[in-house]
Undergrad: 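Could you have a look at this structure, given as structure tokens, before my questions?
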Amino acid sequence: MSDTTQTDPVQTVSDQPEPAAKTVDGLYLVDGSGFIFRAFHAIPPLTRSDGTPVNAVMGFTNMLMKLLADHHAEAVAVIFDSKRLNFRNEFYADYKAHRPEPPEELKPQFGIIREAVEAFCVPSIELEGYEADDLIATYARLAREQGRQVTIVSSDKDLMQLVTDGVAMLDPMKNKVIGFEEVFEKFGVTPDKVVDVQALAGDPVDNVPGVPGIGIKTAAQLIGEYGDLETLLERAGEIKQPKRRQALIDNAELARVSKRLVQLDDQAPVPTPLDDLKVREPDHEKLLNFLRQQGFRSIITRVENEIRADGRLVDGAAAPSGSTPTSASATALPTSAPEVRASARFDGKGTYELVQTVEALDRWIAAAHAAGTVAVDTETDSLHACSCKMVGISLAVEQGAACYIPVGHVGPDGVPAEGSLDLAPSDAPPQLPVEEVVARLKPLLEDPAILKVGHNLKFDIQVFGGHGIRLAPIDDTMLISYVLETGLHGHGMDELSKLHCDYTPITYDQVTGTGKSRVTFDRVALDKATEYAAEDADVTLRLYQALKPRLVPERLTTLYETIERPLVPIIADMEAEGILVDCDVLKELSKDLASRLAELEIEIHRVAGHTFNVGSPKQLGDVLFGEMGLQGGKKGKTGAYSTDSATLEPLAEQGHDIVQKVLDWRQFSKLKSTYTDSLQQQIDAKTGRVHTSFSLAITTTGRLSSNDPNLQNIPIRTEEGRKIRRAFIAKPGHTLLSVDYSQIELRLVAEMAGIEALKHAFREGIDIHAMTASQVFGVPLDQMTGDIRRKAKAINFGIIYGISGFGLGRQLGISAGEANSFIKTYLERFSELAAFMDKTKEFCRKNGYVTTLFGRRCHIQGIAERNPARRQFAERQAINAPIQGTAADIIKRAMVRIPSALEAAGLTGRMLLQVHDELIFEVPEAEAAETSEVVRRVMEGAASLGVPLVAEAGTGHSWADAH
DNA sequence: GCAATCACG
DNA sequence: GACGTACGTGATTGCC
């Protein structure tokens with residue numbers, strides 16, 4: 001069961017959560033004409049590759065698709081207005097006379113939208129002389145007479161008069177049901193009185209006259225009082241307000257005409273019998289053909305995924321050229337199919353939209369709703385997600401259709417934008433206030449039905465988190481690329497764009513400049529910022545379309561959806577939390593180290609006979625091996641003496657005091673510069689804590705990495721270094737909890753290679769190094785010495801690294817030959833191991849990658865090299881990667897489960913750090929014991945294997961104490 | 001910007 | 001038997 005505990009709202013289209021407004025099955029009558037206009041105005045301009053505008057087509061198609069997917073309709077029809085005049089014009093010539101001609105860009109789309117309906121195998125209905133509303137009224141009546149449920153898909157107020165028991169309306173864009181309550185909210189009366197209110201209030205849009213001076217509010221009040229229009233007109237003389245009374249008396253006839261105009265005709269002669277409106281099985285080929293003609297790539301992807309999920313399509317048979325595993329890396333963007341492009345071309349600079357008004361913003365939000373998927377990217381003034389300022393947001397809804405919303409740009413002199421508290425005269429460019437943009441975007445960005453796609457969304461999640469937005473659900477193109485092609489290349493956006501889209505995006509440096517003249521992004525001019533930022537969102541969407549479809553056929557969906565993707569918000573929280581660091585402890589250590597370094601330096605210079613830079617390997621080598629004549633060889637192309645600790649340590653042991661001093665100097669210098677000094681700089685001024693950044697897509701094995709600062713390599717191995725851990729502390733009333741896996745990699749070797757003797761030892765809780773020592777060296781456990789055990793331990797580590805005689809020999813200070821004989825014995829004692837290593841190497845040669853227990857693929861380059869050195873290097877990687885990678889999978893699985901496990905247990909502690917096989921928490925003192933148990937339980941249960949996983953916990957005020 | 005060195009698992 | 005060697009990272013420093 002362990003594999004399926006994590007669920008996420010968006011896996012495939014068909015997996016999406018139940019819509020908020022689910023209506024009962026029955027007849028769905030779609031107000032086609034209403035939607036054409038709504039879609040046209042909601043979606044930014046898009047054109048097909050042949051120049052035909054298709055934005056309304058896309059909006060309409062999306063709406064229809066969503067409707068069919070979200071509701072189990074037994075019958076559906078799309079109803080259109082007929083072009084000609086209708087019966088209302090016979091008695092009121094001016095009816096809808098003010099309607100302007102549809103915009104030029106819309107006209108060609110009417111026909112295409114009818115094709116769209118056809119492609120979905122949904123009946124489309126129109127009738128000369130009647131408006132769509134009349135046909136809808138008629139069908140609704142007919143269905144009601146058969147006792148069937150009716151849903152009118154529209155948000156047009158003119159249709160609200162039809163709402164009654166069994167007839168509801170549905171606004172598919174907002175996914176909102178319009179029933180009695182909503183109608184009452186709008187008109188102030190029950191649906192059956194809506195026409196009376198409309199007759200009085202009139203409607204300037206449709207040129208329905210109504211009674212002058214009476215609006216909806218007054219009309220509702222009057223109808224409420226008098227019951228209906230006729231009664232009101234008859235008793236108009238009783239009205240107290242003179243003006244209102246006179247208006248009603250004078251315009252009684254106008255009101256009656258108005259009522260006839262707004263009253264829908266439910267007796268229209270329907271062109272298609274109600275019984276013919278059954279939902280038919282969709283013709284996928286026909287639908288896909290239509291979508292391809294329009295170049296709706298994201299919709300095509302969704303449809304294909306849906307079809308695939310239904311199992312009606314053999315993998316790859318109808319997939320676009322970019323989504324089959326074989327051709328994916330070669331051509332991500334098919335060239336044959338036409339593509340939707342905004343008025344912009346992909347490489348046409350300066351054509352993305354700069355959003356500076358609420359109207360434009362709302363248009364993009366509506367477009368995102370229509371598309372169902374939106375690529376999001378944030379721009380900030382620094383790379384530190386926790387402390388940076390949000391400068392702008394970009395959205396992309398379709399290839400080429402992207403915008404940039406500036407919210408934090410300042411003028412060239414750094415004057416804040418208008419709306420900031422600063423009242424100084426502003427030369428900041430015009431832009432919407434950040435609060436307003438955030439407020440309008442929040443429902444979209446948190447909408448469980450809208451997928452947010454980003455590249456390295458961990459960053460954007462933190463930026464939005466700072467503004468009270470919890471971005472979800474998400475897909476991350478960086479992580480999709482990472483699970484698909486770990487080890488083949490990096491996963492930065494620019495690199496992936498070149499690789500998959502054959503396109504080089506504008507670089508950050510091009511926009512901000514480099515070196516001395518670099519400016520922060522908030523000072524970049526808006527046009528330049530738009531080109532860069534909107535393009536990033538656009539590229540992200542393209543990468544998504546190229547990469548996401550590969551997950552299923554390449555069997556990487558589970559890894560991505562249950563491990564990598566859920567980890568994103570969890571790591572984001574850990575980074576935002578940070579860890580408390582006591583600056584005074586570090587200062588004290590710095591001071592200490594400084595004086596010891598000074599002493600050592602004087603001493604070293606004295607022995608050398610002159611001053612030199614001890615920190616320069618070149619100068620040091622010259623002094624030690626040149627001037628002083630110590631034994632040591634030149635190395636490498638640089639021709640310089642090697643002076644690393646492996647070289648110097650033997651010399652120090654021979655009694656060369658100066659060498660020992662150099663080694664000490666090196667160690668202290670490292671501690672001071674890398675840890676005590678720089679760590680002080682890295683404490684966040686606001687939080688007093690250190691916020692590292694974990695990279696999720698760097699390593700070739702699946703591990704995380706930590707940077708800025710790296711908190712995964714804080715010293716521990718030496719006493720001096722360990723002191724640095726005293727500076728990492730818990731806040732008042734809290735304690736640090738450290739829980740680490742014991743011997744996880746060796747346990748995994750036993751498991752994956754199926755080494756029975758090792759598995760048995762782990763199950764019995766035997767000292768594993770002593771046990772291997774007794775096996776390999778034939779020493780009984782009760783005669784074990786520390787030195788023999790140390791050798792065995794080195795061999796065990798060697799196994800994990802893809803052992804070689806030379807490497808082991810060097811580690812143990814013995815000859816390669818001697819080391820080789822140890823290895824030989826080891827492989828004889830644990831005979832399953834050799835087979836495992838051979839099998840792994842062979843698999844890697846055949847496939848180019850190796851896999852972990854949880855299906856992660858680590859691509860290994862050079863496995864088939866002719867050069868034996870390079871090939872053997874690849875082979876060692878091939879041995880190591882499944883082991884290291886499985887351990888990484890396991891701790892990630894634990895990390896995904898821990899926050900919810902703590903919450904379920906009512907515990908408030910926070911996970912702060914991960915150090916490969918260790919997790920660090922900050923917990924209230926009173927919760928320490930219980931938290932420790934919950935965490936251990938989750939960690940030990942993160943995989944169920946033939947060997948037990950063991951997690952050990954420690955607590956203390958500082959990290960040094962917790963270990 | 002690269003090489004050398006060394007901190008961690 | 002070649003060929004150069006343990007696996008995976010990140011930060012700092014000196015030097016070109």
Undergrad: At 4.0 Å (heavy atoms only), tell me whether A/Pro868 reaches a base, stays on the sugar-phosphate, or touches nothing.
TA: base
Undergrad: At under 4.0 Å, does any side-chain N or O of A/Thr643 touch on OP1 or OP2 of B/dT5?
TA: yes
Undergrad: Identify which nucleotide among B/dA4, B/dC8, C/dA11 has an atom closest to any side-chain atom of A/Pro617, counting heavy atoms from C-beta outward.
TA: B/dA4
Undergrad: Any chance the side chains of A/Tyr826 and A/Asn796 put a donor and an acceptor closer than 3.5 Å?
TA: yes
Undergrad: Ignoring hydrogens and angles, does a donor from either the side chain of A/Arg717 or the base of B/dG9 sit under 3.5 Å from an acceptor on the other?
TA: yes
Undergrad: At 4.0 Å (heavy atoms only), tell me whether A/Ala794 reaches a base, stays on the sugar-phosphate, or touches nothing.
TA: base
Undergrad: Side-chain N or O of A/Ser706 versus OP1/OP2 of C/dA11: is the shortest distance under 4.0 Å?
TA: no
Undergrad: Classify A/Ile714 by what it touches in the nucleic acid, base, sugar-phosphate, or nothing, heavy-atom distance under 4.0 Å.
TA: sugar-phosphate
Undergrad: Categorize A/Ile879 for me: base, sugar-phosphate, or nothing, with a 4.0 angstrom heavy-atom threshold over every strand shown.
TA: nothing
Undergrad: Would you check if there is a donor-acceptor pair between the side chains of A/Asn710 and A/Thr692 at a distance under 3.5 Å?
TA: no
Undergrad: Assess, by modelled atom type and distance only, whether the side chains of A/Glu745 and A/Gln884 contain a donor and an acceptor separated by less than 3.5 Å.
TA: no
Undergrad: For C/dA2, which nucleotide in any strand shown is its Watson-Crick or wobble partner with both distances under 3.5 Å?
TA: none
Undergrad: For C/dG8, does OP1 or OP2 lie under 4.0 Å from any side-chain N or O of A/Gln877?
TA: yes
Undergrad: Any luck finding a side-chain donor-acceptor pair between A/His963 and A/Glu918 under 3.5 Å?
TA: yes
Undergrad: Classify the nucleic acid contact of A/Gly802 as base, sugar-phosphate or nothing, counting any heavy atom under 4.0 Å across all strands shown.
TA: nothing
Undergrad: Please confirm whether the shortest side-chain N or O distance from A/Asn710 to OP1 or OP2 of B/dA7 is below 4.0 Å.
TA: no
Undergrad: Please determine whether a side-chain nitrogen or oxygen atom of A/Arg870 lies at a distance below 4.0 Å from atom OP1 or OP2 of C/dG4.
TA: no
Undergrad: Considering just the side-chain nitrogens and oxygens of A/Arg666, establish if one lies under 4.0 Å of OP1 or OP2 belonging to B/dC6.
TA: yes
Undergrad: Would one find a side-chain N or O of A/Ser705 under 4.0 angstrom from OP1 or OP2 of C/dG10?
TA: yes
Undergrad: Just call it for A/Ile716: base, sugar-phosphate, or nothing, with non-hydrogen atoms closer than 4.0 Å on any strand.
TA: sugar-phosphate
Undergrad: What is the nucleic acid contact for A/Ser645, judged by heavy atoms within less than 4.0 Å: base, sugar-phosphate only, or nothing?
TA: sugar-phosphate
Undergrad: Within the 3.5 Å criterion, strictly below it, is a donor on A/Glu865 or A/Gln872 matched to an acceptor on the partner's side chain?
TA: no
Undergrad: Regarding C/dT12, can its base be found pairing with the side chain of A/Ser673 as donor and acceptor, where the two atoms are less than 3.5 Å apart?
TA: no
Undergrad: Taking donor-acceptor contacts at under 3.5 Å, does the side chain of A/Gln872 reach the base of C/dG4?
TA: yes
Undergrad: Using a cut-off of strictly less than 4.0 Å, decide whether A/Gln619 has a side-chain nitrogen or oxygen near OP1 or OP2 of C/dC15.
TA: yes
Undergrad: Taking donor-acceptor contacts at under 3.5 Å, does the side chain of A/Arg703 reach the base of B/dG9?
TA: yes
Undergrad: Mapping A/Asn880 and A/Arg871 onto DNA chain C by nearest heavy atom, which one lands closer to the 5' end?
TA: A/Arg871
Undergrad: C/dA11, C/dC7, C/dA6: which one has an atom nearest the side-chain heavy atoms of A/Asn707?
TA: C/dA11
Undergrad: Any side-chain donor-acceptor pair under 3.5 Å between A/Ser678 and A/Gln681?
TA: no
Undergrad: Which of the following nucleotides, C/dG14, C/dC3, C/dT9, is nearest to the side chain of A/Thr700?
TA: C/dT9
